[in-house]
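Treat the numbers as computed from the prediction; the structure is a model and nothing was measured. Atoms considered below: every heavy atom in the structure, side chains included; atoms not considered: hydrogens, waters and symmetry mates.
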Amino acid sequence: MTRTPKGTVRQSATIVRLSDREIEVEVCRPEACGECKARSVCSEGGGQGKRMTLLNDGQGYTVGERIILVMRREAGLKAVVIAYLVPVFVIVASLLGFQAAQVRDTVAAVATLGVLGLYFLVVRLLRGRIDRQLTIEIEKEIE
């Protein structure tokens, strides 16, 4: 993954499946996985490549073609905030609120999980709107 001065993150990928609507790509950084002891349980694919599905923009791709995935840095930061930062604040705020209301610990813990579940349900319901803001663009790789 490389960062460009324009505030984007670029990553090389290979097209592994095509349809009229979707492109499945495999992103692999074997140089980062080669000596890693945790590669067999890694969420990044453990050296085998991470697959992701993107919308087909109709530029005439072929299976096996190398492409460049481009994501704006702000979009990546927004994704991190939605997926990691806000849930932590929801948990802490809920626990503090229930503690201030003098709710028993077990009830507070279960209620906090419920509040967290509601947060993720709202994120799921707003997925279409969020997806439009967090786009990954595809560029053909020049050989």
Side-chain angles (χ1 to χ4, degrees), residues 1-100 103 105-143:
M1 207 174 327
T2 59
R3 296 184 196 277
T4 63
K6 295 185 273 183
T8 59
V9 177
R10 303 169 67 82
Q11 175 68 48
S12 183
T14 304
I15 298 175
V16 293
R17 186 183 59 82
L18 273 173
S19 74
D20 291 339
R21 299 183 64 207
E22 296 178 336
I23 299 172
E24 185 175 344
V25 298
E26 184 174 66
V27 179
C28 184
R29 298 181 322 168
E31 69 279 1
C33 302
E35 297 298 321
C36 181
K37 293 180 174 137
R39 70 179 170 264
S40 63
V41 293
C42 180
S43 65
E44 293 299 317
Q48 299 170 0
K50 182 175 181 170
R51 290 188 177 203
M52 56 190 333
T53 303
L54 307 168
L55 290 176
N56 189 342
D57 58 7
Q59 291 190 33
Y61 302 107
T62 59
V63 173
E65 182 178 2
R66 302 279 300 168
I67 58 172
I68 304 290
L69 303 177
V70 182
M71 181 180 218
R72 289 188 338 270
R73 189 170 184 205
E74 309 87 54
L77 291 174
K78 187 179 280 189
V80 168
V81 168
I82 291 169
Y84 298 107
L85 203 56
V86 172
V88 169
F89 286 121
V90 167
I91 290 169
V92 171
S94 296
L95 285 174
L96 290 175
F98 290 126
Q99 184 180 19
V103 175
D105 289 346
T106 53
V107 173
V110 171
T112 297
L113 290 175
V115 170
L116 187 64
L118 285 174
Y119 168 75
F120 283 116
L121 178 64
V122 168
V123 169
R124 179 74 174 178
L125 292 173
L126 297 175
R127 184 178 58 175
R129 182 179 291 174
I130 293 169
D131 282 348
R132 284 190 294 276
Q133 295 174 0
L134 305 178
T135 59
I136 297 175
E137 298 172 8
I138 302 171
E139 292 179 357
K140 290 202 173 213
E141 191 171 86
I142 299 172
E143 296 178 20

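- Separation of atoms CG (Asn56) and CD (Glu24) is listed at 13.0 Å; rounding is to 0.5 Å.
- Side-chain atoms of Arg66 and Thr14 include a donor-acceptor pair closer than 3.5 Å.
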Under the side chain to side chain contact (heavy atoms under 4.5 Å, CB included) rule, what do Tyr119 and Ile82 come out as? Steps first, then yes or no, please. CA-CA 10 Å; Tyr119 168 75; Ile82 291 169; 3.7 Å; yes

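- Residues Leu116 and Pro87 are in side-chain contact: their nearest non-hydrogen atoms beyond the backbone lie under 4.5 Å apart.
- Taken to the nearest 0.5 Å, the OG atom of Ser12 stands 8.0 Å off from the CD1 atom of Ile67.
- More than 12 heavy atoms of other residues, nucleotides or ligands shown are found within 6.0 angstrom of CD on Glu139.
- With Glu65 contributing its side chain and Thr62 its backbone, the two residues share a donor-acceptor pair below 3.5 Å.
- Side chains of Leu69 and Leu54 form a contact here, defined as non-hydrogen atoms less than 4.5 Å apart.
- What you find for Val103 and Ala108 is that their closest heavy atoms are CG1-N, 3.8 Å.
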Could you please spell out the steps behind the side chain to side chain contact (heavy atoms under 4.5 Å, CB included) verdict for Arg51 and Val16? CA-CA 9 Å; Arg51 290 188 177 203; Val16 293; 3.9 Å; yes

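- Note that the CG atom of Leu118 and the CG atom of Leu113 stand 11.0 Å from one another [nearest 0.5 Å].
- Heavy-atom contacts from other residues, nucleotides or ligands closer than 6.0 Å to CG of Leu55 number 12 or fewer.
- Here the CD1-OG1 distance, from Ile68 to Thr8, works out to 11.0 Å after rounding to the nearest 0.5 Å.
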Stepwise, does the side chain to side chain contact (heavy atoms under 4.5 Å, CB included) test hold for Phe98 with Val107? CA-CA 9 Å; Phe98 290 126; Val107 173; over 6 Å; no

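- Taking CG of Leu85 as the reference point, atom NZ of Lys78 lies at 14.0 Å (rounded to 0.5 Å).
- How far CG of Leu95 is from OG1 of Thr112: 3.5 Å, rounded to the nearest 0.5 Å.
- Residue Phe89 places its CZ atom among 12 or fewer non-hydrogen atoms of other residues, nucleotides or ligands, all under 6.0 Å distant.
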